[in-house]
2 protein chains.
Amino acid sequence: MVNAQTRSTVLRVAQEVGYVANASARTLRTRSSKVLGVVLPTLTNPVFAECLQGIASQAALRGYAISPCTTEYDHAGEDAATTRLLASGVDALVLVVSNPGDSAALARVRQAGKPYVLAYHHTHEHACVGVDNTGAVRELVLRLAAAGHSRIGMVTGQLQASDRAQQRCRGYALGMQAAGLSPLPVWEVPFAATAVQMLQHHLAEQAPPTAIVCSNDLLAIRTIRAASLAGFSVPADISVVGFDGIAMAGDLTPSLASISQPNHDIGSACVRLLCDALAGKKTLAAQESLCLPHGWRSGESCRL
Amino acid sequence: MVNAQTRSTVLRVAQEVGYVANASARTLRTRSSKVLGVVLPTLTNPVFAECLQGIASQAALRGYAISPCTTEYDHAGEDAATTRLLASGVDALVLVVSNPGDSAALARVRQAGKPYVLAYHHTHEHACVGVDNTGAVRELVLRLAAAGHSRIGMVTGQLQASDRAQQRCRGYALGMQAAGLSPLPVWEVPFAATAVQMLQHHLAEQAPPTAIVCSNDLLAIRTIRAASLAGFSVPADISVVGFDGIAMAGDLTPSLASISQPNHDIGSACVRLLCDALAGKKTLAAQESLCLPHGWRSGESCRL
DNA sequence: TTGTATGCGTTATCAA
DNA sequence: TTGATAACGCATACAA
């Protein structure tokens, strides 16, 4: 309700003097920052970087800025990141935590009363967007078994640092059971570079697996390296499969076979849920959770 | 200047009611947000993710939060990111742009009068923290020549999207000249997945190079794939060297040889410069620029 | 359609 | 050492 004449004049002058609205003042007054907080374990794992791209582009579409924070897989880091974001006045949060069950950070967010959604998780206690980790691995193990593999192994990162890893290991156990095979002990390795040595050591066992399922792509890359160092050829001696479907997988040699997650879509779906909730001034219910379909990215690392 | 008694009471009550200072109000009043803006091309290239880690940890140490933004190597993206960060009230900026020479974003920052520093760049017009791109490649080419390579090629991403790439190509030219070799035409490929096909096509030429220098590690990974698809063995037929020294390089098979940059340190050095400038209420001069030493990460991909 | 006053939560200034 | 008051820049409600 302003004269077109006046409007254009104001706009022109604003342009001329390079006026930009002060976000802090606006936030203070409106009690809404138009910023979404994002809590991720790390950005050096491309999975999360890809997801963040999805978050960023969708947020931009809906007129929101984002504020990403990493926890480095650390419990205290999760807490620090959430506290900081909450204090900075974000309107809502996307989180990837170690374990939603015992997360102090999550409790804090919940208490703050802001809408939030967990990415990559899968629990009935919170609104989540992810894939069926357990089902995906179970299905893969069955396919490997059908292809003739009987000694199928599993490699995972530190289980306590990720409920996703736990679910994937569960899928391994279920798959082996369904295939009538006896599961091998899961190889749990640290995130550090020592993982390769450790895997190499495991592979030196008599009768190593002929197929190895890894709980993420970065681990799969290290498993391939360990196999190579141990004198095995991939996939001739050992098939290796990852989980995540990071973009780089297809550029590796051998190309990496992987259960792929729609990382970009997981991110954008999270933002969509949050923005819809914010638009309706509602908080997000666990019922709103989305289980997105996983895919299969075939690759030379796996004989199937 | 407050009674210790009063102080503790206030602190206790604040704790009890879960008081957290409102960042927007504080920023509005003090005209200082204690936030550093970070403008990066992308986070799906691990180089920048690693650098961001360095930025984040150093910033935390100095009591600053960070606000990262990606441009996706887009000129308009640079502009949008900078505008947004400036409006959001950051105290200073770390930037990685396509080309400092013609960057509208940089002009904007400069005009805003906030301290800023360019990461990975190397120019006398601005405060920079980076490595000697040209010298590093030149030196490598000489070493390759000394090892008996005479057909040495160069692969780069889109030159206009990165002055670093331009400087590295220049290093290639200088190195070939110094070695008394005639430089081959530089292979410039897009960031897209079609890069592999393109490289494969190039490699099908009669007498392909026996050594290829790539302007970054992601390209080197694709070059190795292209070589493999074209029927060449790395490094038996072709040696491949990257640039960046991303952490993952050592986990690949073959492990990737690379000119390594101290990505973490580049990030933390940027923050150190900015915080010192902020503490002294000064702006940053180009004289403050830092040229950090590059390294050589040997790897199986290169016969040297 | 335009102008004016008030308050968001904090810090800084000044008086007590 | 403490308490009261103004101002940061914006949005809103209301008056003109």
Side-chain angles (χ1 to χ4, degrees), chain A residues 1-37 59 62-67 80 82-93 108-109 111-115 275 278-281 283, chain B residues 1-37 59 62-67 80 82-93 108-109 111-115 275 278-281 283:
Chain A
M1 15 168 187
V2 59
N3 196 332
Q5 169 79 345
T6 314
R7 164 181 293 271
S8 69
T9 309
V10 171
L11 255 35
R12 182 176 51 75
V13 175
Q15 174 80 9
E16 281 175 14
V17 301
Y19 168 84
V20 266
N22 181 309
S24 300
R26 176 172 287 168
T27 298
L28 183 59
R29 176 64 234 234
T30 61
R31 323 183 128 272
S32 140
S33 60
K34 289 296 215 172
V35 174
L36 304 179
R62 311 277 298 229
Y64 280 81
I66 62 169
S67 185
T82 11
T83 306
R84 183 147 31 93
L85 288 174
L86 250 20
S88 83
V90 296
D91 291 343
L93 286 162
R108 202 184 293 280
V109 176
Q111 206 216 341
K114 310 238 176 197
C275 290
L278 286 169
K281 299 187 185 309
T283 184
Chain B
M1 12 167 189
V2 61
N3 196 333
Q5 170 77 346
T6 315
R7 164 181 292 272
S8 70
T9 309
V10 170
L11 254 33
R12 183 175 50 73
V13 175
Q15 173 81 10
E16 281 175 16
V17 302
Y19 168 83
V20 265
N22 180 310
S24 300
R26 175 172 289 170
T27 298
L28 183 60
R29 179 64 235 230
T30 62
R31 317 178 136 277
S32 141
S33 59
K34 290 296 217 172
V35 174
L36 303 179
R62 312 277 297 230
Y64 280 81
I66 62 169
S67 183
T82 336
T83 307
R84 183 148 30 91
L85 288 174
L86 251 18
S88 83
V90 296
D91 291 344
L93 286 163
R108 203 184 294 280
V109 176
Q111 206 215 343
K114 312 237 177 196
C275 290
L278 287 169
K281 298 185 185 313
T283 183

### Task
Give S24(A) one of three labels, base, sugar-phosphate or nothing, depending on what nucleic acid heavy atoms sit under 4.0 Å from its own.
nothing
### Task
Looking at every strand, decide which applies to T27(A) at a 4.0 Å heavy-atom threshold: base, sugar-phosphate, or nothing.
nothing
Over how many whole Å does the gap from [X] atom [atom1] to [N] atom [atom2] extend?
X      : N       : atom1 : atom2 : value
L28(B) : dC8(D)  : CG    : C1'   : 4 Å
Y19(A) : dA11(D) : OH    : P     : 6 Å
R31(B) : dA7(D)  : CZ    : C1'   : 10 Å

### Task
State the CG-OG1 distance between D91(A) and T27(A), to the nearest 0.5 angstrom.
8.0 Å
Of the options [options], whose atoms approach the side-chain atoms of [X] most closely?
X      : options                  : value
N22(A) : dT10(C), dG9(D), dG9(C)  : dG9(D)
N3(A)  : dT1(C), dC10(D), dA6(D)  : dT1(C)
R26(B) : dT11(C), dG9(C), dC10(D) : dT11(C)
A25(A) : dG9(D), dT11(C), dA11(D) : dG9(D)

#### Entry: Minimal non-hydrogen separation, L86(B) against K114(B), with atom names
CD1-CG, 4.4 Å
### Query
Can you name the closest pair of heavy atoms from L278(A) and Y64(A) and give their distance?
CD1-OH, 3.4 Å
### Query
Distance check: side-chain N/O of T6(A) vs OP1/OP2 of dT2(C), anything under 4.0 Å?
yes
#### Entry: Residues in side chain to side chain contact (heavy atoms under 4.5 Å, CB included) contact with T83(B), at least two apart in sequence or another chain
R108(B)
### Query
When only distance counts, do a donor and an acceptor, one from the side chain of R29(B) and one from the base of dT11(C), lie under 3.5 Å apart?
yes
